[in-house]
J.: 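Just dropping this structure here.
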Amino acid sequence: MMTTTTLPLTRRAPDHELAVGEPRFSDPQLAELARRDGPAAAWHRAAATIDSLDAAVRAAAAVDGPFAVGLADARGRVFLAVDRFAVRTLCWRRVGTRLLFAERADALAAAEPAAELSAQSIYDYLYFHAIPSPRTVFEGVFRLPPGHCAWFDGQHIEVRRYWDARFEEPARPDFDALARGFRSRLREAVAGELDGSKPGCFLSGGTDSSTVAGMIKDVAGRAATYSIGFEAEGYDEMAFARIAAKRFGTEHHEYYVTPADLVRSIPEVARHFDQPFGNSSALPAFYCAKMAREDGVTRLLAGDGGDELYGGNARYAKQRIFGWYDAVPGVLRRGLLEPLLEGTPVGALPLARKGRSYVEQAKVPLPDRMQMYNLLLRLGTAEVFTPDFLARVDAGDPLRQQRAVWREAGEASALNRMLAYDWRYTLAESDLPKVCGATSLAGVAVAFPFLERGVVDFSLALPTDCKLKGLKLRWFFKEALRGFLPDEILTKKKQGFGLPFGVWATRHPGLRNFATDTLHSLAGRGIVRREFIETLLAEKLPAHPGYYGEMVWILMMMEQWLQGHEAGRRS
C-alpha cells in the first residue's frame with residue numbers, strides 16, 4: 001500500500017507583486033534580463049511602459065511559456081496576465097479602491113471582508129464539473145481566462161484577450177515535409193522542458209504520453225515512466241503502458257490505486273484545490289505524481305494537449321457525422337425526412353428511431369449540440385436542485401458562456417472551432433488544473449510539451465483533413481509517428497486515467513459508506529434536493545454505476561471541499 005503525506009496548502013496572502021512560471025520573452029533584452037536576474041526583473045522592465053490596456057495586451061502577447069504575472073505600481077495601477085492556456089493561474093478581487101491579486105481564489109476570499117460563496121458558480125460546477133473562468137466559487141473573486149490580461153488604472157479594471165487561435169491551412173500540404181517538421185518540433189519541445197534532473201513522465205499507454213516517453217528517451221538517453229492501474233474491468237490500461245515502456249526501454253514504475261486509497265485521499269485532494277473541482281482523474285494523477293516524487297523525480301512531463309491540438313477525441317468524429325446533415329438539401333430535410341421520421345408510424349420502427357434521434361441532434365447547432373447529453377441536464381435541474389437554490393441562479397448562463405467562446409474561433413472549420421473550444425473547456429478549465437493540482441499536492445513540478453508554442457503553431461497550420469481524415473481521429477499525428485510508436489498504441493481505443501469510482505462505490509463498503517456520509521452532509525445545505533440524493537444512492541448508482549457514479553463523485557468532491565473551506569475559515 002502506498003503511504004500518503006499531507007502537504008500544507010499554499011494559500012498565500014494577496015500580492016503586490018507576483019511573477020511565477022517560466023515566461024519566455026521574445027524581446028532579446030528582456031530574455032537576457034530574465035536569464036540573468038529572473039523573470040520578475042524582466043516583467044518590471046516590460047511593465048514600465050504599460051500605461052493602458054492596449055500596452056498591457058502588447059506586453060502579454062510578447063511572452064510565451066507558462067506564466068502568471070501581477071504587478072502594482074506606486075499609483076495603485078495593476079497589470080495582470082496569464083499564459084495562453086492558463087497553466088499558471090491568477091485571480092483578482094476589488095476591495096474598495098484596491099485591486100488584490102493572487103494565484104489562488106481562496107487567498108483572495110479570505111481578505112477582509114470575507115467573500116461569500118457564489119450560487120451561480122456552484123451551479124456552474126455541477127454543469128461543467130469545474131468552475132470555468134472568469135468566475136470562481138467566491139462572489140467578487142475572478143480568475144483570468146487563458147490568454148487574457150488585465151489593466152487597472154486605479155478606478156476601473158479592463159480585461160481583454162491578447163491571444164487568439166488563428167488557423168491558417170496550407171493549400172498544398174507536403175506530408176513528408178510536415179511529418180519531419182512535426183517530429184522535430186515535438187523533440188525540441190520535450191528537450192526544452194527537461195531541467196537536468198531525473199527525466200520522467202506520466203505514462204497512461206495512450207499516444208500522447210507514449211510519445212512524450214519516447215521523446216524523453218531519445219533526447220536524454222534515459223526516461224522514467226509512471227503508470228496507474230485499476231483492478232476493474234474496462235478501466236485498466238497498464239498493458240499498453242508496459243508496451244510503451246518496453247518499446248522505449250524506460251525505467252518503468254506502476255501503482256494500482258485501490259478503493260481504500262480513495263477513502264484515505266479524497267478529502268486531501270478535494271481540499272487542495274482553491275475551489276470545488278470534479279475531474280475524477282485528479283486522484284490517480286496524484287498517486288502517479290506521488291510515486292514519481294518518492295522515486296526522486298522533481299519534474300514530470302505530461303502529454304495533455306495532443307488530442308485537442310491534433311483531433312483525437314471521439315466527439316470530433318461524432319460531430320462531423322451530425323454535420324453531414326447540413327449538406328442535405330433543405331427541401332428534402334423539411335419536406336420529406338423530418339415529417340416521415342417525426343410524424344408517421346414509420347418513425348416508430350427501430351431503425352427509424354435511430355434516424356429520428358440523429359435528425360433531432362443534427363438540427364441543434366454547435367456548440368449547443370455538445371451539451372445535449374450533459375449529465376446535469378439529463379437528470380433535470382429541477383430534480384437535482386432545491387427550488388430556493390435554483391431561483392438564485394441563471395440556468396441559461398453556461399450555454400451563453402460556451403457560445404461566446406465558440407464565436408472566438410471566427411471562420412475556422414467546424415473541427416478547428418471544436419479544438420479551440422476544447423482548449424478552453426477541456427484543457428484550461430479541467431485537464432490542466434487537474435494535473436497541476438495533483439502534482440503540486442505531491443510536491444512535483446510539471447510541464448506540458450504539447451503546449452509549447454512551436455507545437456501549438458504547427459497544429460494551427462495543419463489542414464483540417466489531416467487532423468480528422470474522414471472519421472479517422474488524429475490521422476496525421478499517428479501517421480507521422482508510425483514506426484516510432486508501437487502499432488498496438490496507434491490502434492488502441494482512447495482511455496486515459498479514468499477512475500472506476502462508480503463501480504467501486506457499489507462494491508467496496510468503506511468507499512460506499514464514505515460517499516453516502518458525504519452526500520448526506522451535502523443534503524443539509526439547501527443546494528441539492530435530499531430526495532434526489534437518496535434516489536441517486538439507492539437506485540440510480542446501483543443500476544448504472546459507471547454513469548451515475550460521475551454525479552456521486554462531483555457532489556462528493558464539492559461537499560468535501562466545502563467542509564475544508566469551513567474548517568479553514570474557523571481556524
Side-chain angles (χ1 to χ4, degrees), residues 1-7 125-126 129-130 204 227-238 254-273 276-291 375-376 379 384 430 434 437-438 441-442 495-525 527-528 530-565 567:
M1 180 180 294
M2 181 177 290
T3 60
T4 62
T5 302
T6 302
L7 300 179
Y125 168 76
L126 267 72
H129 305 182
S204 69
S227 300
I228 290 297
F230 309 103
E231 294 288 357
E233 184 178 352
Y235 288 87
D236 187 46
E237 281 198 307
M238 195 66 82
E254 301 176 355
Y255 181 73
Y256 272 77
V257 173
T258 68
D261 288 330
L262 300 191
V263 174
R264 181 169 53 254
S265 299
I266 282 172
E268 179 183 18
V269 173
R271 299 171 193 189
H272 178 70
F273 290 89
F277 185 71
N279 188 323
S280 61
S281 294
L283 262 292
F286 165 61
Y287 273 92
C288 199
K290 182 171 174 54
M291 176 170 47
L375 180 57
L376 174 63
L379 288 166
V384 174
S430 183
K434 170 198 72 180
L441 179 58
Q495 200 162 312
F497 276 169
L499 183 70
F501 168 74
V503 174
W504 283 350
T506 61
R507 299 176 182 175
H508 186 273
L511 184 58
R512 182 173 61 249
N513 292 339
F514 178 85
T516 299
D517 291 345
T518 301
L519 264 61
H520 284 164
S521 176
L522 175 64
R525 295 186 181 274
I527 299 171
V528 178
R530 187 178 297 276
E531 297 85 354
F532 170 76
I533 287 176
E534 297 297 343
T535 301
L536 177 66
L537 292 171
E539 300 176 15
K540 294 183 182 297
L541 178 63
H544 301 286
Y547 184 72
Y548 291 112
E550 185 74 7
M551 178 56 73
V552 175
W553 176 270
I554 63 173
L555 292 173
M556 179 181 66
M557 294 300 280
M558 180 173 73
E559 173 60 19
Q560 286 295 324
W561 183 89
L562 289 169
Q563 291 179 16
H565 173 65

J.: Answer whether the closest heavy-atom distance between the side chains of I527 and L126 falls below 4.5 Å.
T.: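 They are not in contact (no side-chain heavy atoms under 4.5 Å apart), so the answer is no.
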J.: Please find the pair of heavy atoms, one from M291 and one from I228, that lie closest to each other, and give the distance.
T.: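 Scanning both residues completely, I find the closest heavy atoms to be CE-CD1, 4.3 Å.
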J.: Any idea how F230 and W504 line up, ring-wise: parallel (<30°), tilted (30 to 60°), or perpendicular (>60°)?
T.: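 Because their plane-to-plane angle is over 60°, the rings of F230 and W504 count as perpendicular.
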J.: Can you check whether L379 reaches L536 side chain to side chain, under 4.5 Å on heavy atoms?
T.: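 The answer is no, as the side chains (C-beta and beyond) never meet within the 4.5 Å cut-off.
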J.: Identify the two heavy atoms, one from S265 and one from F286, that lie closest to each other, and give their separation to 0.1 Å.
T.: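 Looking at all heavy atoms of both residues, the closest pair is OG-CE2, 4.2 Å.
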J.: Quick check: are there more than 12 heavy atoms from other residues, nucleotides or ligands sitting under 6.0 Å from CZ of R525?
T.: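 Counting neighbours around CZ of R525, more than 12 heavy atoms of other residues, nucleotides or ligands fall under 6.0 Å, so yes.
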J.: Could you tell me if the side chain of H520 sits less than 4.5 Å from the side chain of L537, heavy atoms only?
T.: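 Yes; the side chains approach each other to less than 4.5 Å.
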J.: To the nearest 0.5 Å, tell me how far M556 CE sits from L522 CG.
T.: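 Going from the CE atom of M556 to the CG atom of L522 covers 11.5 Å.
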J.: Considering non-hydrogen atoms only, spot the tightest contact between V257 and P284 and give its length.
T.: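 The pair with the smallest heavy-atom distance is CG2-CA, 4.5 Å.
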J.: Do F514 and L262 come within less than 4.5 Å of each other through their side chains, counting heavy atoms only?
T.: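 F514 does not reach L262 side chain to side chain.
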J.: With rounding to the nearest 0.5 Å, note down the distance linking CG in L562 to CZ in R271.
T.: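 Here the rounded value is 10.0 Å.
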J.: To the nearest 0.5 Å, tell me how far L441 CG sits from Y287 OH.
T.: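 Answer rounded to 0.5 Å: 10.0 Å.
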J.: For residues M557 and L283, report the shortest heavy-atom separation together with the two atoms involved.
T.: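 Heavy-atom minimum between the residues: CE-CD2, 4.3 Å.
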J.: Drop me the distance from F277's CZ to I554's CD1, to the nearest 0.5 angstrom.
T.: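 Rounded to the nearest 0.5 Å, the CZ-CD1 separation comes out at 12.0 Å.
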J.: Looking only at heavy atoms, what is the nearest atom pair of V552 and A515, with distance?
T.: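 The answer is CG1-CB, 4.2 Å.
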J.: Could you grab the distance from atom CD of E550 to atom NE2 of H129, nearest 0.5 Å is fine?
T.: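 One finds 5.0 Å between CD of E550 and NE2 of H129.
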J.: Is there side-chain contact between E539 and Y548, with at least one heavy-atom pair below 4.5 Å?
T.: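 No - every pair of side-chain heavy atoms lies 4.5 Å or more apart.
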J.: For residues D261 and T258, is any side-chain donor paired with an opposing acceptor at under 3.5 Å?
T.: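 T258 and D261 do have a side-chain donor-acceptor pair below 3.5 Å.
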J.: Would you give the length of the straight line joining atom OG1 of T518 to atom CG of N513, rounded to the nearest 0.5 angstrom?
T.: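 T518 atom OG1 to N513 atom CG measures 10.5 Å (nearest 0.5 Å).
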J.: I need the minimum non-hydrogen distance between P267 and V263, along with the two atoms involved.
T.: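 For P267 and V263, the tightest heavy-atom pair comes out as CD-O, 3.8 Å.
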J.: Which of parallel (below 30°), tilted (30 to 60°) and perpendicular (above 60°) describes H565 and W561?
T.: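 Rings of H565 and W561: parallel, under 30°.
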J.: When you compare the side chain of W553 with that of S280, does any pair of heavy atoms fall below 4.5 Å?
T.: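 Contact flag for S280/W553 side chains = yes.
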